[in-house]
> 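Structure in structure tokens, see below.
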Amino acid sequence: MDFSKAVKEELSGSIARSYVAQISRFHRIQGSTMYHDAAEYVRNEARRLGLKDAQIERFIADGKRRYWTYLSPVGWTVRSAELRILEPENRLLARYEDIPQSLHTFSNGTPKEGITAGLIDVGSGVKTEDYKAKSVKGKIVLATGRADRVHEEAVIKRGAAGVITDSIAIELPHVRETLDLPDAHSYNGIWPKGKEIEKTRFGFSITKRQGTHIRKFLSSGKKVKLFASVDARLFSGWEEVVTATIPGTSKSKEEVFVIAHLCHPKPSANDNASGSGMLLEIARTIIRLIESGKISRPWRTIRFIWVPETLGTVAYLERHTDTHDRFVAGVNLDMVGQDQTLCGSTLNLTRTPDSLPSYLNDFVLSLIEQSIREYDKGTAHGSASTFRYASTTFSGGSDHAEFDDATVAVPCVSMTQWPDLFYHTSEDTIDKVSEDSLKRVGWITTMAALMLANADRTMAYRLASKTAAKGLGRISEEGHAAAEELFKKSQDHKIKNKSSELAKSAEYHSNRLQHVIWREQQAVRSVKRLADDPELDAVVERHCRDIMNHGRKELAKLAETAEFVARTAAIKVPSRLEGTRSDKEAKNLVPKRMFKGTLNLEILIETLGEKEYDWYRHLDESDYNSGNKLYEVLNFMDGKKSLHDIVKAVSSEYTPMDMDRALRFVRDLEKSRLLKFV
Ligand SMILES: [Zn+2]
């Protein structure tokens, strides 16, 4: 059945945007009473729309209880907060009631009368050197680093009275930098553990303009005196997950889900009131279409899930292990409403990781492509669309990662508008949210949910064919890109040892091509989750044979190209490459995971200690995919593959992974009893 017209007529960007506006009124910090108010709003709205089983599920959040490897946050509530400069001038700097993001989340209360303290500049405030020859005890520190780390170093370790930061969290050079947002208060949080509640103080996030102004006083030798008053409390609270369903008919035990994180400070309109509000409009659309008889009730259940990001999903999946089998597929919506021009964004479809190849990627991408035809005019010279979209390799950082993890293994893609100039600042406001973006993403997601909830053997057959066709194309592309790389290498005058570099490159690309051939076959096979049918199985295997044969041809072509390149450049390439000592070591290690869910790296601090753990904090400075690579090392770890094979797969998915890094990672995990070698 074709749902496209019905969904297009019913789904409203304007209604979606008003849900987004409603949700953006709440200061939705996980574990807080303010988040609870938002959860109630969503649950009540879900009920009002006619969704079934609408409920708020609670999980203890006391900063001690772990869900898989994740420590729960603590509970928090705030009434008011204010920061003033008293000397050398008297002026209000920040007030929670005006801009909630100006108070670091999980700030503790001050005495009722407030506190008065001197201010000291500690640079980034996250390193030991920042505190050399400085006495911060009893003072408020001004820093540019992340609030949780500054609070740890200044307050917990050195007895400072509080923290002020004046920088945005994720700086992307030439894309979004603190200097682009001189008047924004950045989202920054203290994130205390349960055992630190007593020692936790407060923090404020001031703007760069304010910070620069105050630093001038300090650098000219003037004393700066501040007054801070915070009416807030930390306690043992709850993480709350809202769920509701549209029950299916004949296959109601199986579920298709859409998820969005409900958390984040007020307003965080795009991140992620947009995804959360979008879910309500998708639900309204489907229910309305069913009730008016324009579509029939889907076979499978459609579940809507609103979570505190990552932490809520992990807690939910830990409690409901039955869902790992019942969930068929899912879509995560995280930052979908951006006005692309204002925010500088592109709608990215994050594909499932290579460890979990799926038909879902090409399926949702084809819906994005169809949405352009639905919503934009065509001309004789192509589409008049100005809407930007892209399909990207797997990247974590939101809730889809928890489902795609190998121990859960439910394929979930994510749609995210990225980058976003205003991300995680007080300027992520409703005026940056576009009805047009919401309408498009709403249509794509509703179509995906309805089609998957009704997918039968015919649909599975069509998806297999689509995935195979696209997969064959990707294999050709991969082969071509590999050949280009070899030509480039042979002509690069900067390379000293060309013979070994060329051999290495040829080997890398051949491995990579083999990996893609394997991945594309697995992606086609993944349609079997939708229908159990011998005829479908036969078709799937025929597609896989086609992919295999095509892949073999590409591999042979690549080998020929490598020979041609070497001959032309008169380079003698060694026929066999000697592995390094680390390679040999990795070949003899077969690691096996001893834990479920994605790994919260911070759990390693307990066994490694702060100093050794610091290595993990700096990994992404030399490789921005380092987090994704570690995630995939764990996913490819099936208790059979050697570490060498695992690293080969991860290197094929992203860029070459350093073997010594992988070795250090698995050794650290073994020390922490999170894996063993078999
Ligand atoms: Zn987000």
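Note that the coordinates shown come from a computational prediction; the quantities given were computed from them, not determined experimentally. Both counts, for ligands and for their atoms, begin at 1 and track the order of listing. Side-chain atoms are counted along with the backbone in the values below, which use heavy atoms only and exclude waters and symmetry mates.
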> Report yes or no: does Asp334 have an N/O/S atom closer than 2.8 Å to the Zn ion (ligand 1)?
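Here the distance criterion (N, O or S atom, under 2.8 Å) is met by Asp334, so yes.
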> For Asp180, what residues pass the side chain to side chain donor-acceptor pair (under 3.5 Å) criterion, not counting sequence neighbours?
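Scan of Asp180 (side chain to side chain donor-acceptor pair (under 3.5 Å), adjacent residues dropped) gives none.
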> Is it the case that the side chains of Lys629 and Thr655 hold a donor-acceptor pair, with the cut-off being a distance below 3.5 Å and no angle test?
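A pair is found: one side chain offers a donor N or O, the other an acceptor, under 3.5 Å apart.
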> Under 3.5 Å, which donor-acceptor pairs link side chains of residues 311-318 to any protein atom two or more places apart or in another chain?
unit_1, atom_1, unit_2, atom_2, d
Thr313, OG1, Asp399, OD1, 2.6
Glu318, OE1, Trp68, N, 2.7
Glu318, OE2, Arg65, NH2, 3.3

> Just give me the atom name: the N, O or S atom of Asp271 closest to the Zn ion (ligand 1).
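Nearest N/O/S atom: OD1.
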> The Zn ion (ligand 1) to His264: any N/O/S contact under 2.8 Å?
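No - counting backbone and side chain alike, His264 has no N, O or S atom under 2.8 Å.
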> Specify whether Trp418 and Tyr423 have parallel, tilted or perpendicular ring planes, treating 30° as the upper limit for parallel and 60° as the lower limit for perpendicular.
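Geometry flag for Tyr423 against Trp418: perpendicular rings.
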